[in-house]
Amino acid sequence: TDQAVNALNGRIDFTNKDLAATQESLHTTQNSLSDCFNEVAVVRSDLERNVADTEARLKNDIRQKQQEAFEKIGQVEQQAELRSAEA
């Protein structure tokens, strides 16, 4: 019976060591996943900021182009009025 108890104790020790290694591996995996989530959050934030900046630039560019077009249309209308007044 002492031999059986020793064998059982040996198996328990082995299982405990295996469990400790598994826990350490899970801890490492958890830390890696946490790091990945943090990196994804940073990239997402950067991307959202870049999209917002690009959107603001595009809106500004569109406003400028519209203004330029309105000014050119106004110039053409003025020239047309002057020509019709001369005729």
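Not measured: the values here are computed from a predicted model.
Rounded to the nearest 0.5 angstrom, K65 NZ and L58 CG are separated by 12.0 Å. Separation of atoms NE2 (H27) and OG (S32) is listed at 10.0 Å; rounding is to 0.5 Å. For the atom pair R57 CZ and I62 CD1, the distance stands at 12.5 Å (nearest 0.5 Å). With rounding to the nearest 0.5 angstrom, the OG1 atom of T1 is 9.5 Å from the CG atom of N6. From T54, atom OG1 reaches atom CZ of R49 across 11.0 Å, with rounding to the nearest 0.5 Å. Going from atom CD of Q66 over to atom CZ of R63 covers 8.5 Å, rounded to the nearest 0.5 Å.
At least one donor-acceptor pair closer than 3.5 Å links the side chain of T29 to the backbone N or O of S25. In this structure a side-chain-to-backbone donor-acceptor pair under 3.5 Å is present from T22 to D18. At least one donor-acceptor pair under 3.5 Å links the side chain of T15 to the backbone N or O of R11.
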R44 and L47: CA distance, side-chain angles, deciding distance, side chain to side chain contact (heavy atoms under 4.5 Å, CB included) verdict: CA-CA 5 Å; R44 180 179 181 169; L47 182 59; 5.6 Å; no
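Side-chain contact between E24 and T28 is present, with heavy atoms from C-beta onward closer than 4.5 Å. Side-chain contact between V51 and E48 is absent, with no heavy atoms from C-beta onward closer than 4.5 Å.
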